[in-house]
Protein chains: 2
Amino acid sequence: MMLSRPVSSQLDEIDRTLLTLLQDDASTSHADLAQRVGLSATGVHKRLKHLRQGGYIKKVTAVLDRSKLGLDLLCILKVTFRGNLQPDNLAELQRCIQALPEILECYTVTGSSDAIIKVAVRDHVALRDFLHRLSTQQQAIERAETCIVLQELKEGGELPLGNA
Amino acid sequence: MMLSRPVSSQLDEIDRTLLTLLQDDASTSHADLAQRVGLSATGVHKRLKHLRQGGYIKKVTAVLDRSKLGLDLLCILKVTFRGNLQPDNLAELQRCIQALPEILECYTVTGSSDAIIKVAVRDHVALRDFLHRLSTQQQAIERAETCIVLQELKEGGELPLGNA
DNA sequence: GATGAAATGTTTACTAA
DNA sequence: TTAGTAAACATTTCATC
């Protein structure tokens, strides 16, 4: 016999719709959300509480306009290390992330580079300064190709939940 | 003689602090924010209104947990086109972004690749399927190096406003 | 999950600096 | 132009069904 759902249950379609709506605009009121998914505001509230407590929603954040804030130059760095991703290099990289706030994102990856770093700076002077601080703090960099972003065709990265 | 500031004025330190706090948690109440910046809730409200209307805050979004939603495989694609970034290729790329929701971010860049694409999929089967649809829809791809993300050392990309 | 009441949070008009 | 006070309004949350 099928008892009630486990605490950390699978998400149903209403949950996924709610998450999609909140990815688009997290300031939507419960009443609005309720109308769209065909539930009461309280029903929405309980589901959101579950989604937050279950860690599905990690946080709610304000997305700012980089240009308006003077950070016009976006770059993607492809970095390779001497000795690849050996523990020392990784530890140093993590220290860099803490020390250099211009680093927006940082991933270690397979392929021709060891790490990929996204950086936002004011202009090419700030970029030069950043690269100098990076190479000072990360001793084991063998090569760092700086790719300047020409166009942001899509960003923000809302997850596709239609088939999740 | 120096007259009053234009409507779309520069941001002061309180504005920047508010933006930083909202990047960290956009669900913070006006009362809480007020306490932190030494203002009344009304003062905060007026500043936030200005920041929203001025376009400094583009939107408020819920950040979801990829793993919990079954999108465990994050990849970064370095793509080069036959004929580089010629208009036809760009148009086709924009169509791809619309058609392939797995694409979280897409940038055209300088350097050894023409575009860099961030993709989230469920597993390697979904990745294979995605790559197939990509190459079908984007005819002019000369080469696409798929870098699988091993670790997300930093993501989300909150902007550093200390020196803005 | 729904209803309605209580607690919070937000917005506005008004006032003062 | 900017911010504070207080009141009106809306939303979120909780107890109860």
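Numbered from 1 within each chain, the chains take letters A, B, ... in sequence-line order.
- Backbone-only contact: B:S29 has heavy atoms under 4.0 Å from sugar-phosphate atoms and none from a base.
- Proximity of a side-chain donor or acceptor of A:Q137 to a complementary backbone N or O of A:H132 within less than 3.5 Å is not detected.
- Checking C:dT3, D:dT5, D:dT13 against the side-chain heavy atoms of B:S40 singles out D:dT5 as nearest.
- Nearer to the 5' terminus of DNA chain D, by closest-nucleotide assignment, is the contact made by B:G38 (compared with the other of B:G38 and A:K49).
- Rounded to whole Å, the distance from CG on B:D12 to P on D:dT1 is 15 Å.
- Taking atom CG on B:L33 and atom P on D:dA3, their separation rounds to 14 Å, with Å as the unit.
- Taking atom CG of B:D32 as the reference point, atom P of D:dT12 lies 16 Å away to the nearest angstrom.
- Taking atom CG of B:L39 as the reference point, atom P of D:dT2 lies 12 Å away to the nearest angstrom.
- Distance B:I14 CD1 to D:dT2 P: 12 Å, rounded to the nearest Å.
- Rounded to whole angstrom, the span from the NE2 atom of A:H30 across to the C1' atom of C:dT3 amounts to 17 Å.
- If you take CZ of B:R47 and C1' of D:dG4, they are 13 Å apart, rounded to a whole angstrom.
- When only modelled atom types and interatomic distance are considered, B:S112 and A:K78 share a side-chain donor-acceptor pair under 3.5 Å.
- If you check distances only, the side chain of A:T42 never reaches the base of D:dT12 with a donor-acceptor pair under 3.5 Å.
- Rounded to a whole Å, the CG atom of B:L48 is 14 Å from the C1' atom of D:dA3.
- Side chains of A:K118 and A:Y107: no donor on one and acceptor on the other come within 3.5 Å.
- With DNA chain C read from its 5' end, the first of the two nearest nucleotides for B:R52 and B:K46 is the one closest to B:R52.
- No donor-acceptor distance shorter than 3.5 angstrom exists from the side chain of B:E145 to the backbone of A:G111, with no hydrogens or angles considered.
- Side-chain nitrogen and oxygen atoms of B:H45 include none within less than 4.0 Å of the OP1 or OP2 phosphate oxygen of C:dT10.
- By the 4.0 Å N-to-carboxylate-O rule, A:D12 lies close enough to A:R47 to be salt-bridged with it.
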